[in-house]
> 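Can you keep this structure in mind? I'll have questions shortly.
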Protein chains: 2
Amino acid sequence: MMNVLEKISSDMSEFSKSEKKVAEVILANPQSAIHSSIATLAKLSNVSEPTVNRFCRRLDTKGYPDFKLHLAQSLANGTPYVNRHVDEFDGPAEYTNKIFESTMASLEVARQSIDIAMVNRVVDLLTQAKKISFFGLGASSSVAHDAVNKFFRFNVPVVYFEDILMQRMSCMNSTEGDVVIFISHTGRTKSLVDVAQIARANDAMVIGITSADTPLAKECNYVLSLEVPEDTDLYMPMASRIAQLTLIDVLATGFTLRRGNKFRENLKRLKDTLRSSRYVKDNL
Amino acid sequence: MMNVLEKISSDMSEFSKSEKKVAEVILANPQSAIHSSIATLAKLSNVSEPTVNRFCRRLDTKGYPDFKLHLAQSLANGTPYVNRHVDEFDGPAEYTNKIFESTMASLEVARQSIDIAMVNRVVDLLTQAKKISFFGLGASSSVAHDAVNKFFRFNVPVVYFEDILMQRMSCMNSTEGDVVIFISHTGRTKSLVDVAQIARANDAMVIGITSADTPLAKECNYVLSLEVPEDTDLYMPMASRIAQLTLIDVLATGFTLRRGNKFRENLKRLKDTLRSSRYVKDNL
DNA sequence: ATTAATTTGTAATTTTACTACATTTGTAGT
DNA sequence: ACTACAAATGTAGTAAAATTACAAATTAAT
């Protein structure tokens, strides 16, 4: 759905004379528009109230109050916090907030880039896998590490190596029915692409969590592409990692749901076991 | 200015009985709330209209229509309600969105819980450390892994062990000037608390990334407390992990800034080296 | 220039939100 | 356990806002 504020400017030519008046008043100061009643806005525009109402309907809203709601939303969206890069004069308060905010913004972008049908397909493959491997290098290696942690709880055979040679050997031994997931933001790490080729040559199902249209993506049977606005050539990998982890959460959740109720009970029992290794809240 | 939706959840304790009813109805489906009149919302909440109106005023809005405006804006900002738990009937689209949304929301909560002065102090300690160790168990182990990855690039002596025994031994050998960072959402993992005790007994500077007022927090010289609305006793650790990682990003950033310009040039050179191990974008 | 179509405005109606006041519920002190 | 006071909630009436139906005015077309 299109932003109302944009729609007003783009549809300007289709408006009638009085409607244009209204449009101009709103565009001149949208912030004040959302706090005016239909009467005051009509007066400001030198038109009658029903004209304002018709103007709202022309923009596919139910009426004036509904229009204000949409307008408020476009205004809120108009101030996004996407590219708030830290600069060298930032104090702790500034850089802390900037990093948190840009991480959240990147997650939102990543979320919108996800192909849901592909998520579903990958979950399918995971539930049927004989063995699941997670491989990544550099910053993505800890993502793979995390994925293993998660899937290990599900009591499925799961494999992870930090070392590129071990990854290579592991893939050489893979067979049909094995699923290998490669994680890389850039999708351009040579050695990882090599390993993916090996896995594929050995009939493993190769899945990539990476950016679209990259060398790694080309080697995969299925690609879960993540679009994260981050240039890891210039900056430390931050948001890309977080987005990957969240996607892992999504896969793990899909996996749990697919396995059904009895499976979730098993999980609960595992949790109960873990609990005994903890200090309970009461005897603090 | 605070997001209304968050304010509702955070002020929940200050609401009266009937106001809580209203709050719950709104939180259950904020999207539908902005399309209801005060009368229908009152009926849905089983309270009278003036109660709804009073509820709006308590949230520092001028009245019901103004409240709806604010609500619409919070929804547009993509910071939706925290506790959108996945249920077993959710399809891939639902659980994907729920997980991303609640992750973003948790990050926002975490951000607000951070003690900036403490961040600054910890960054200070890190820049002066002879050696930095990161330890975590379970889900937090991959966070420690990630932290090591980051700080390794800074060319500082950095240590990480996944194995609890190795962690123990490492801490037994620590000396004054060493900084040991323990990562744990619950702060109640017995063996990790033990290791923290050992580290402290050996004059290491012990820092915790954990929830406030936990056994682990008590063992630390400094605590970077993170408040994440997640019950890891019942659910898989998701948002807690992400918040920890983001905090690591903050620390790493603070570290870089503190080290100054010459240091950042070194980093750039390291990046250039890494680049040669990648496929460049052109010869796709 | 006349008529039909479109646009705009007026006035009445309906919906919505708000206020003042009454009732209920809860609480603290005797 | 009762009274008195305070807080919370609801009722009913009022004010405001938005929408509708219709009439007047403008515009375009023959």
Side-chain angles (χ1 to χ4, degrees), chain A residues 4-5 7-8 10-75, chain B residues 4 7-75:
Chain A
V4 192
L5 215 48
K7 199 171 163 62
I8 294 178
S10 74
D11 290 11
M12 189 60 94
S13 56
E14 293 174 24
F15 293 148
S16 72
K17 212 186 326 180
S18 328
E19 282 168 347
K20 269 187 192 130
K21 288 188 205 166
V22 180
E24 273 156 23
V25 170
I26 290 169
L27 289 176
N29 193 351
Q31 196 61 48
S32 95
I34 64 174
H35 292 116
S36 330
S37 73
I38 195 170
T40 56
L41 184 59
K43 201 172 272 176
L44 278 170
S45 318
N46 278 311
V47 297
S48 70
E49 299 182 21
T51 300
V52 176
N53 188 275
R54 285 187 279 260
F55 170 82
C56 297
R57 295 229 164 104
R58 187 166 298 248
L59 292 156
D60 302 316
T61 63
K62 290 188 175 186
Y64 185 69
D66 189 43
F67 166 77
K68 286 210 291 189
L69 246 41
H70 283 264
L71 188 59
Q73 293 199 321
S74 359
L75 287 174
Chain B
V4 192
K7 197 170 164 62
I8 295 177
S9 11
S10 74
D11 290 10
M12 189 61 94
S13 56
E14 293 174 24
F15 294 149
S16 72
K17 214 188 320 178
S18 325
E19 282 168 345
K20 270 190 191 124
K21 287 189 206 167
V22 180
E24 272 155 23
V25 171
I26 290 169
L27 290 176
N29 193 350
Q31 197 60 50
S32 95
I34 64 173
H35 292 114
S36 327
S37 72
I38 197 170
T40 57
L41 184 58
K43 201 172 274 177
L44 277 171
S45 317
N46 277 314
V47 297
S48 70
E49 299 182 21
T51 301
V52 176
N53 189 274
R54 285 187 278 258
F55 171 82
C56 297
R57 296 230 163 101
R58 187 165 296 245
L59 291 157
D60 302 316
T61 62
K62 291 190 176 182
Y64 185 69
D66 189 44
F67 166 77
K68 285 210 292 190
L69 247 38
H70 282 265
L71 187 59
Q73 293 200 322
S74 352
L75 288 174

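These numbers were taken from a predicted model, which means no experiment stands behind them. Letters A, B, ... are given to chains in the order of the sequence lines, protein chains preceding strands, and every chain is numbered from 1.
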> What is the distance, rounded to the nearest whole Å, between atom CD1 of B:I38 and atom P of C:dT16?
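From B:I38 CD1 to C:dT16 P: 11 Å.
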
> Quick test of your reading of the model: are B:D11 and B:R58 salt-bridged, counting only N-O distances below 4.0 Å?
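Salt bridge absent between B:D11 and B:R58.
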
> Taking all atoms of both residues into account, what is the closest heavy-atom pair of B:K20 and B:M12, and its distance?
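Closest pair (atom of B:K20, atom of B:M12, distance): CE-O, 3.3 Å.
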
> Mind calculating the distance between CG (B:N53) and C1' (C:dT16) to the nearest angstrom?
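In whole Å, C:dT16 C1' lies 11 Å from B:N53 CG.
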
> Could you check whether A:V52 gets within reach of a base, just the sugar-phosphate, or nothing at all, counting any heavy atom under 4.0 Å?
nothing

> Roughly how many Å is it from CG in B:N46 to C1' in D:dT9, rounded to a whole number?
13 Å

> Go through D:dA18, C:dA17, C:dT8 for me and flag the one nearest to the B:E49 side chain.
C:dA17

> Compare the minimum distances between each of D:dG10, C:dA17, C:dT8 and the side chain of A:S16, then state the nucleotide with the smallest one.
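So the side chain of A:S16 is nearest to C:dT8.
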
> Any side-chain heavy atom of A:I26 sitting closer than 4.5 Å to one from A:F55?
yes

> Please check if the side chain of B:E49 supplies one atom and the backbone of B:A39 the other of a donor-acceptor pair under 3.5 Å.
no

> So which nucleotide from D:dA17, D:dG10, C:dT10 ends up closest to the side chain of B:V47?
D:dG10

> For B:K17 and for B:K62, find the nucleotide of DNA chain C with the closest heavy atom, then tell me which residue's nucleotide is more 5'.
B:K62

> As a test of reading the structure: which of D:dA18, C:dG9, D:dT9 is closest to the side chain of A:P50, going by heavy atoms?
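Of D:dA18, C:dG9, D:dT9, C:dG9 is nearest to the side chain of A:P50.
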
> Heavy atoms from C-beta onward define the side chain here; which of C:dA17, D:dT9, D:dA18 lies closest to that of B:K68?
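My answer, after comparing the listed nucleotides, is C:dA17.
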
> Give the nucleotide from the list C:dA17, D:dT9, D:dA18 with an atom nearest to the side chain of A:Y64.
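Closest of the options to the side chain of A:Y64: D:dA18.
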
